[in-house]
Undergrad: 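Have a look at the structure that comes next, please.
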Amino acid sequence: MHITKDMDLLTKLNILSDAAKYDVACTSSGVDRSNDGKGLGNCIAPGICHTFSGDGRCVSLLKILFTNECIFNCSYCVNRRDNDVVRASFTPDEVCRITMEFYRRNYIEGLFLSSGILVSPDYTMDLIYQTLYQLRSVEHFQGYIHVKAIPGADAELIRKVGFLADRMSVNLELPTQESLKALAPNKNRRTILSPMRQIQNGIAANKQELVPYYEAPRFVPAGQSTQMIIGATAENDYQILSVAEKLYQNFALKRVFYSAFVNVNLDPRLPMLPGGPPLLREHRLYQADFLLRYYHFSAEELLSESKPNFNVLLDPKCDWALAHLDYYPIDVATATYSQLLRVPGIGVTSAKRIVKARRQGSLSYSALKKMGVVLKRAIYFIVCNGKQMYPTKLEEDYILRNLLSDTRTPRELQNLTYHQLSLFDDMNLSTMETVVEEIKG
């Protein structure tokens with residue numbers, strides 16, 4: 001039994017919340033569940049935002065590892081077997097007590113639970129199952145739970161966990177099998193994709209249950225996601241985006257997360273990053289990912305073998321528009337919904353508003369602005385009832401010059417440091433010690 005018992009709970013919490021910072025949590029719960037009056041908590045689909053990860057993204061959950069002990073030796077991982085770091089492990093009871101007491105104090109509204117591999121994938125997955133079973137069946141916790149499935153674990157364990165979690169994720173880790181072989185020799189694509197397929201099939205089968213929906217146990221109701229490390233290996237943006245597109249198409253994923261590589265180990269197989277983690281590249285991949293999921297773009301439209309990487313100066317949608325000026329200008333008074341989505345400055349919400357509004361009357365530029373259209377970008381690509389807002393030229397150099405004159409550092413990257421914010425950074429530590437003491441008592 002490797003579970004640590006000679007370490008106080010606060011020390012464990014500090015170690016295992018810090019160790020979880022490289023696992024990307026989902027940004028919204030994706031599922032509604034009302035309290036039935038028999039338990040504690042509920043779950044709201046838009047999500048909750050109480051703490052942040054090191055690169056500024058909002059984390060809405062108590063985000064911890066069950067253990068940072070690991071039998072694997074992935075070169076990019078701070079918790080790899082050969083690293084000389086302080087090791088700690090929770091017990092299922094400790095995770096339950098921390099989650100419940102933090103929830104009661106309104107510090108959190110859910111749990112994000114990942115883990116290193118302790119003893120074996122089956123052994124670790126069984127501990128995670130015990131934890132979730134106790135939370136749901138003993139503590140009657142009805143809040144949101146996102147849990148990482150352990151590749152290589154028994155399918156029955158993953159199935160049982162799937163009926164207790166809201167969302168599950170299986171980390172792809174790196175984009176290709178070649179990269180896994182080079183940096184994570186204990187892992188392979190087959191053992192990663194197998195539980196991913198199982199979760200997909202389980203979700204589909206659960207939706208076909210003949211019992212009433214409100215009575216049937218729900219299997220991973222918020223869907224599944226995955227994570228790829230960006231910049232640790234030589235894949236270009238086209239390869240990475242193509243992998244993501246295939247995952248959406250073949251595994252019905254809710255979300256692919258991209259994690260800029262942070263070099264935490266002195267390993268000759270890892271690249272040196274004098275400029276720090278490739279956060280701007282990560283940002284462009286997230287923008288392109290939204291184009292895949294919501295804007296009817298494909299990976300081959302955005303990039304190609306002859307142009308394998310995104311323009312660091314422009315967002316992918318503007319970059320595509322400049323390369324396809326023959327597609328414009330688009331008249332917002334007559335364009336289809338899909339055509340409107342191709343216009344820089346017009347998003348999903350504003351496109352829907354345009355389609356709805358023009359059924360009731362004519363459009364104007366002032367009305368477009370009120371609908372949320374970003375005219376400073378859209379103005380070069382649209383006309384309204386055949387008229388421009390003011391004279392512009394449909395020329396690449398002219399549009400590029402004007403777009404770049406208004407380019408600012410993305411909000412996500414402003415004033416960014418690589419310090420991981422703790423769950424408790426905005427609280428008095430002595431207060432937290434008191435809370436943990438109360439939990440222990």
Side-chain angles (χ1 to χ4, degrees), residues 20 23-36 39-51 53 57-64 66 95 99 103 108-115 125 128-129 131-133 135-137 139-151 153 157-172 192 195-209 213-228 244 247-259 286 289-290 292-294:
D23 266 310
V24 183
C26 63
T27 50
S28 65
S29 62
V31 63
D32 282 302
R33 179 173 52 252
S34 299
N35 189 296
D36 61 6
L40 180 69
N42 54 33
C43 189
I44 306 298
I48 53 247
C49 305
H50 282 170
T51 188
S53 67
R57 284 170 296 193
C58 198
V59 178
S60 56
L61 316 167
L62 170 60
K63 184 163 170 267
I64 54 175
F66 189 92
V95 175
T99 303
Y103 186 90
I108 61 165
E109 296 200 35
L111 173 67
F112 177 96
L113 184 61
S114 186
S115 184
M125 201 70 208
I128 290 174
Y129 168 70
T131 303
L132 268 60
Y133 181 84
L135 272 172
R136 296 299 198 199
S137 301
E139 303 292 347
H140 303 292
F141 180 67
Q142 297 178 357
Y144 178 71
I145 297 178
H146 178 172
V147 67
K148 294 280 184 175
I150 307 298
L157 284 171
I158 292 175
R159 188 191 71 84
K160 292 196 295 185
V161 169
F163 282 108
L164 299 172
D166 293 295
R167 174 167 289 183
M168 295 183 74
S169 53
V170 186
N171 281 357
L172 193 66
I192 293 172
M196 200 178 285
R197 180 70 72 194
Q198 179 189 349
I199 294 169
Q200 178 195 15
N201 292 340
I203 293 171
N206 188 241
K207 291 179 179 178
Q208 303 301 319
E209 293 286 348
Y213 177 75
Y214 55 85
E215 293 181 5
R218 300 179 68 187
F219 186 86
V220 196
Q224 64 171 323
S225 59
T226 193
Q227 175 181 343
M228 283 191 282
L247 288 172
Y248 285 127
Q249 293 171 349
N250 298 333
F251 293 90
L253 295 189
K254 289 292 185 180
R255 190 76 185 270
V256 174
F257 288 94
Y258 308 92
S259 181
Y286 272 117
D289 190 89
F290 269 80
L292 293 183
R293 291 188 292 137
Y294 300 119

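Along the sequence shown, residues carry numbers from 1. For clarity, every value in this text was computed on a predicted model and none was experimentally measured.
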Undergrad: For Ile145, is there any backbone N or O sitting under 3.5 Å from a side-chain donor or acceptor partner on Asp166?
TA: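 Yes; at least one donor-acceptor contact below 3.5 Å.
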
Undergrad: Tell me the closest heavy-atom pair linking Pro195 and Pro151, and the distance in Å.
TA: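 Nearest pair, atom of Pro195 first, then Pro151: CG-CA, 4.3 Å.
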
Undergrad: Has Tyr248 got more than 12 heavy atoms of other residues, nucleotides or ligands less than 6.0 Å from its OH?
TA: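 Enclosed.
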
Undergrad: Atom CG of Leu164 and atom OH of Tyr129: how far apart are they, to the nearest 0.5 Å?
TA: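 Reported value, rounded in 0.5 Å steps: 6.0 Å.
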
Undergrad: Would you give the length of the straight line joining atom OG of Ser169 to atom CD1 of Ile199, rounded to the nearest 0.5 angstrom?
TA: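 Answer rounded to 0.5 Å: 8.0 Å.
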
Undergrad: To the nearest 0.5 Å, what is the distance between NZ (Lys63) and CZ (Phe112)?
TA: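 That separation rounds to 6.0 Å.
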
Undergrad: Ignoring hydrogens, what is the shortest heavy-atom contact between Arg293 and Arg255? Give both atom names and the distance.
TA: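 In this case the closest contact between Arg293 and Arg255 is NH2-NE, 3.1 Å.
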
Undergrad: Looking at Ile150 and Ile158, what are the two nearest heavy atoms and their distance?
TA: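 Heavy atoms of Ile150 and Ile158 come nearest at O-CD1, 4.3 Å.
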
Undergrad: Give, for atom OH of Tyr103 and atom CD of Gln142, the distance between the pair rounded to the nearest 0.5 Å.
TA: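 With rounding to 0.5 Å, OH (Tyr103) is 9.0 Å from CD (Gln142).
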
Undergrad: Calculate, to the nearest 0.5 Å, the distance between atoms CZ and CZ belonging to Arg136 and Phe141 respectively.
TA: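 Rounded to the nearest 0.5 Å, the CZ-CZ separation comes out at 6.5 Å.
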
Undergrad: Please check if the side chain of Tyr144 supplies one atom and the backbone of Glu109 the other of a donor-acceptor pair under 3.5 Å.
TA: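 Checking the backbone N and O of Glu109 against the side chain of Tyr144, no donor-acceptor pair under 3.5 Å is found.
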
Undergrad: Apply the test side chain to side chain contact (heavy atoms under 4.5 Å, CB included) to residues Val147 and Leu111: give CA-CA distance (whole Å), side-chain angles for both, the deciding distance (0.1 Å), then the verdict.
TA: CA-CA 8 Å; Val147 67; Leu111 173 67; over 6 Å; no

Undergrad: What are the two closest non-hydrogen atoms of Ala244 and Asp289, and how far apart are they?
TA: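 In terms of heavy atoms, the two residues are closest at CB-OD1, 4.4 Å.
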
Undergrad: Would you say that more than 12 heavy atoms from the other residues, nucleotides or ligands in this model lie under 6.0 Å from the NZ of Lys160, or not?
TA: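 Enclosed.
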
Undergrad: Test side chain to side chain contact (heavy atoms under 4.5 Å, CB included) on Leu132 and Leu113 and set out the steps.
TA: CA-CA 10 Å; Leu132 268 60; Leu113 184 61; 4.1 Å; yes

Undergrad: How long is the span from the OG1 atom in Thr131 to the OH atom in Tyr133, to the nearest 0.5 Å?
TA: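 Rounded to the nearest 0.5 Å, the OG1-OH separation comes out at 13.5 Å.
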
Undergrad: Nearest heavy-atom pair of Val220 and Met168: which atoms, and what distance?
TA: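 Looking at all heavy atoms of both residues, the shortest contact is CG1-N, 3.5 Å.
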
Undergrad: Looking only at non-hydrogen atoms, find the nearest pair between Ser114 and Lys148 and report the distance.
TA: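 Heavy atoms only, the tightest pair is OG-CG, 3.2 Å.
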
Undergrad: Against Gln224, only a single residue in Gln198, Gln200, Arg167 fulfils side chain to side chain contact (heavy atoms under 4.5 Å, CB included); can you say which?
TA: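 Only match with Gln224 under side chain to side chain contact (heavy atoms under 4.5 Å, CB included): Gln200.
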
Undergrad: Quick one: which of Asn250, Asn171, Thr226 gives a side chain to side chain contact (heavy atoms under 4.5 Å, CB included) with Met196?
TA: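 The passing option is Thr226.
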
